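Remember, it's a predicted structure, so these values are computed and weren't measured experimentally.
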Amino acid sequence: MFQIPEAMQTHWIKRGKPKASATDIMRIESKIGATLPAPYVEFITKFGFVVFDDVPGMYCLFDYIIIFPDRKEIHEADIAFFDQTDRLITAYETLTRKEFIDDEDFPKFPANYLPVASDAGQGQILLELGEHAGRVWYWPYNDWAWGTEDNTWLGFVANDFYEFINKLRP
């Protein structure tokens with residue numbers, strides 16, 4: 001169950017961003033070849049593809065954990081907006097594969113992660129697909145292709161989308 005402050009819900013209603021339809025859900029699932037996690041579907045159909053504006057009462061900060069072989073680090077990031085269906089599909093297709101065989105800058109992260117929202121820059125909030133479907137991760141923007149230079153990790157955020165949304169803070 002989502003625990004979203006009234007001020008956020010009121011603001012989102014005033015903004016009037018679209019909510020996901022059954023067609024949107026089917027289109028996304030068709031493109032990614034997987035079923036979307038129920039908490040994420042519940043959020044985008046109930047609240048919509050919302051924006052986390054800089055207004056009083058808005059919760060948008062979260063922590064993510066990076067586990068290195070020799071240490072664990074906790075960092076902070078933010079969520080700015082949810083990607084609507086077309087943008088989400090385009091981001092998934094663009095960021096998880098090479099466009100050309102000699103393209104050295106892509107993919108940016110593995111294809112079993114779906115970018116569903118963005119931070120205030122170009123970082124992505126990701127939903128894990130596959131074996132641990134529904135876990136939430138963070139990928140801070142990186143110029144390098146996945147697995148090269150320093151683009152070799154994702155930050156763990158939450159076990160599911162309920163936990164992610166409920167742990168957001170001002």
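W146 has its side chain out of reach of F106: every pair of non-hydrogen atoms, C-beta onward, lies at least 4.5 Å apart. Counting only heavy atoms from C-beta outward, the side chains of R169 and D63 approach each other to under 4.5 Å. You'll find the side chain of P37 stays beyond 4.5 Å of the side chain of F161, heavy atoms only. Between K17 and V51 there is a side-chain heavy-atom pair separated by less than 4.5 Å.
For the atom pair Q3 CD and Y59 OH, the distance stands at 11.0 Å (nearest 0.5 Å). Distance CG/D78 to SG/C60: 5.5 Å, rounded to 0.5 Å. Going from atom CG of L88 over to atom CG of D86 covers 9.5 Å, rounded to the nearest 0.5 Å. Atom CD1 in I66 sits 9.5 Å away from atom CG in L154 (nearest 0.5 Å). With rounding to the nearest 0.5 Å, the separation of CD1 in I28 from CG in L114 is 7.0 Å. Annotation: the span from L61 atom CG to I79 atom CD1 amounts to 11.0 Å, rounded to 0.5 Å.
Hydrophobic clustering of Ile, Leu, Val, Met, Phe, Trp and Tyr side chains at less than 4.5 Å, counting indirect connections, keeps M58 apart from I13. Linking Ile, Leu, Val, Met, Phe, Trp and Tyr residues whenever their side-chain heavy atoms come within less than 4.5 Å leaves L95 and I125 in two separate clusters. The cluster map of Ile, Leu, Val, Met, Phe, Trp and Tyr, joined by side-chain heavy atoms under 4.5 Å apart, puts F2 and F49 in the same cluster. Residues W153 and Y141 do not share a hydrophobic cluster, clusters being chains of Ile/Leu/Val/Met/Phe/Trp/Tyr side chains in contact below 4.5 Å. Residues M26 and I44 fall into different hydrophobic clusters, defined by Ile, Leu, Val, Met, Phe, Trp and Tyr side chains chained together at heavy-atom separations under 4.5 Å.
Here E42 pairs with nothing under the salt bridge (Lys or Arg N to Asp or Glu O under 4.0 Å) rule; sequence neighbours left out.
Within a 6.0 Å sphere centred on CD of E131, other residues, nucleotides and ligands contribute 12 heavy atoms or fewer.
Formation of a donor-acceptor pair under 3.5 Å by the N151 side chain with backbone atoms of W144 is found in this model. At least one donor-acceptor pair under 3.5 Å links the side chain of R97 to the backbone N or O of E93. Remark: side-chain polar atoms of N166 are paired, donor with acceptor, to backbone N or O of M1 under 3.5 angstrom. Checking side-chain atoms of Y92 against main-chain N and O of A111 turns up a donor-acceptor pair under 3.5 Å. T10 places no side-chain N or O within donor-acceptor distance of the main-chain N or O of A7, the cut-off being under 3.5 Å.
Exactly one residue among V136, I165, V157 makes a side chain to side chain contact (heavy atoms under 4.5 Å, CB included) with F62. That residue is V157. Under the ring-ring contact (aromatic ring centres under 6.0 Å, His included) test applied with F52, the options W12, F81, F47 reduce to a single match, W12.
Ion pairing of E29 with K31 is absent here, as no side-chain N (NZ or NE/NH1/NH2) approaches a carboxylate O to less than 4.0 Å. Using a cut-off of 4.0 Å between Lys/Arg side-chain N and Asp/Glu carboxylate O, R135 and E163 are scored as not salt-bridged.
For the residue pair D53 and H11, a side-chain donor N or O sits within less than 3.5 Å of a side-chain acceptor on the partner.
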Q) Given the rule in the side-chain contact (heavy atoms from CB on, under 4.5 Å) test, do D83 and V116 qualify, once you have shown the distances and angles that lead to the verdict? A) CA-CA 6 Å; D83 291 330; V116 296; 6.0 Å; no
Q: Apply the test side-chain contact (heavy atoms from CB on, under 4.5 Å) to residues I89 and R27: give CA-CA distance (whole Å), side-chain angles for both, the deciding distance (0.1 Å), then the verdict.
A: CA-CA 9 Å; I89 291 168; R27 283 186 57 221; 3.9 Å; yes
Q: Applying salt bridge (charged side-chain N to carboxylate O under 4.0 Å, His left out), run through D24 and K19 and close with a yes or a no.
A: CA-CA 9 Å; D24 290 323; K19 295 178 181 177; over 6 Å; no
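W139 has its ring centre less than 6.0 Å from the ring centre of F109. Between F156 and Y64, a ring centre-to-centre spacing not shorter than 6.0 Å is recorded. The distance between the ring centers of F43 and F82 falls below 6.0 angstrom.
Considering all non-hydrogen atoms of both residues, A145 and E104 come closest at CB-O, 3.2 Å.
Listed by first and then second residue, the side chain to side chain donor-acceptor pair (under 3.5 Å) pairs involving residues 108-120 are S118-Q124, D119-Y138 (not counting sequence neighbours).
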